[in-house]
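Below is one structure; the comments refer to it alone.
Here the structure is a predicted model, which is why all the values come from computation and not from measurement. FYI, side chains are in, hydrogens and waters are out, and symmetry mates aren't considered; it's all heavy atoms of this structure. Chain naming here is simple, since letters A, B, ... match the order of the sequence lines and numbering starts at 1 in each.
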Number of protein chains: 2
Amino acid sequence: MQNLGINLHHSALSRLNPVESGTLGKRVYDELRNFLMVGGVQPGEKITLRQLTSACGTSLMPVREAVQRLAAEGALEVLPNRAIRVPVMTKARVKEILKVRLMLEGMAVEEAAARIQVSVIEQLEELNETFSKEMRRRDDSSRLFQVNKEFHFTIYRAAEMPVLLGIIENMWLQIGPFLHFSLGVRGREATSQFAPDSHKRMIRAMRQRNAVMGRKALASDLGGAVELMLRLGNLPD
Amino acid sequence: MQNLGINLHHSALSRLNPVESGTLGKRVYDELRNFLMVGGVQPGEKITLRQLTSACGTSLMPVREAVQRLAAEGALEVLPNRAIRVPVMTKARVKEILKVRLMLEGMAVEEAAARIQVSVIEQLEELNETFSKEMRRRDDSSRLFQVNKEFHFTIYRAAEMPVLLGIIENMWLQIGPFLHFSLGVRGREATSQFAPDSHKRMIRAMRQRNAVMGRKALASDLGGAVELMLRLGNLPD
DNA sequence: TTTGTTACGATGTGATCACATATCATTGAT
DNA sequence: ATCAATGATATGTGATCACATCGTAACAAA
């Protein structure tokens, strides 16, 4: 394990599943993207192309494509040294992203309130059910974030605004790693105090076609999470 | 000129300046990005990597990087056939982008109204001056779009919200090619009826620190342009 | 012990080669 | 004459090689 142990322990990289469908570049992109969103790498940690190649079992080319794409989306960062790392999140950046997300996802919620199908609302009920259930488990919390993301995007998809949806996905991709990093078990306990309630209010807003209520519920949900990030995760600036 | 004349005339590609600074991939990206934003390629037109290589004088690698990045940003599109083309714009897509842009750029204008420096406002005056002057010229209109873009982004930069600014740039990149394609000389004549006035109102809003007035002026500016796009450029859907 | 130099290793970038596949034109049969 | 089969060409993708550059550690001099 020559120079591997810079900061990136070997066990973390080996959790990267080999790949499955599409072009190799696309597969590596999907794997790496998901790996970043569930907090597989810490903010500020540097990664190298050759580490990824050994982890994915491919050559440099697909890895290069995936990394460059992630960098273009803001999920990775290429330093002037040409080194690659997970971006660091500052407090100012967190606050700005919260502001933008409230606007973007608020619009999505309002549109969804007017268009969402009742069958989809029932899916939301189930998702929030499993979310509350998953919240009480003590093990790895990646599944919790997964369910939470699925809940939110089930609403956002109902807005039927593909451009807006793409931007929102990009925001989640950029802030995803820090959610997992900042919010550990302590964060989850604190989250359990408001998240399920906010979700219930969002479901109620969807059922009543109440756009304003939906936006308010979303604001308390996002605001609570960001509040925790600023308090628990000691961010620079 | 074997199979070059698919749809892409040789003279169009030769307008791509060789490159200048940074890594080759970055240079090709900048050149190609600018080439797309000034309407160098028509929507729906297909391009090939090897065409770009001969136009840029490099090998496949830098071109691949640039194209993949543009594709990740939505400025290019990779079909299931793995062919590369400039995305086609539908009416529904135009309308959604207008809605999202009004929200994004509206927020930027409001923030800018509270933070913009008086020296920057004077820059806006000058930019709008040259904009009006450029509007009366009959030659190639790429400079007109350039000045218009600079005017808008001078305001958006004053908002001091880098994340928001990045999203807005992405929207402009996606809709840029269609502006040039849809709005020809006819579009320019129609634009001259409202654009300078909207700009003046935006400047007045900045000077008076009036966020609401700024958003309204922006709305008439964007709305006017989109109106023209929907009317003049015969879009599918 | 500290500082400046040097040499080695590793990394990102670019070029070239190889290949599966899509596109299109030619050819052949009905 | 129309349509299907087939062959050739071109294109995107992946692998491998080569190289300039950066980081780091070993080493020497003070």
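Side-chain contact annotation: A:Glu105 with A:Tyr156, donor-acceptor N/O pair under 3.5 Å present.
Distance CG (A:Leu24) to P (C:dA20): 14 Å, rounded to an integer number of Å. The NZ-C1' distance, from B:Lys46 to D:dG12, rounds to 13 Å in whole Å. We find that CZ of B:Arg50 is positioned 12 Å from C1' of C:dT16, with the value rounded to whole Å. Atom CG of B:Leu49 is separated from atom P of C:dA15 by 14 Å (rounded to the nearest Å). The CZ atom of B:Arg85 sits 18 Å away from the P atom of D:dT11 (whole-angstrom rounding). Rounded to a whole Å, the CZ atom of B:Arg64 is 17 Å from the P atom of C:dG12. Rounded to a whole Å, the CZ atom of A:Arg27 is 13 Å from the P atom of D:dT13. Taking atom OH on A:Tyr29 and atom P on D:dT13, their separation rounds to 15 Å, with Å as the unit.
When distances are taken from the side chain of A:Ser59 to each of D:dA15, D:dG14, D:dG12, the shortest belongs to D:dA15.
Between A:Leu60 and B:Ile84, the one whose closest nucleotide on DNA chain D sits nearer the 5' end is B:Ile84. Mapped onto DNA chain D by nearest heavy atom, A:Pro80 and A:Met61 fall at different nucleotides, with A:Met61 at the one closer to the 5' end.
A:Gln174 has its side chain within reach of A:Asn170: a pair of non-hydrogen atoms, C-beta onward, lies under 4.5 Å apart. At a threshold of 4.5 Å between non-hydrogen side-chain atoms, the residues A:Ile167 and B:Met171 count as touching. Contact of the A:Val226 side chain with the A:Ile97 side chain is not registered, since no non-hydrogen atoms from C-beta on lie closer than 4.5 Å.
Residue A:Asn81 places at least one side-chain N or O under 4.0 Å from the OP1 or OP2 atom of D:dG23.
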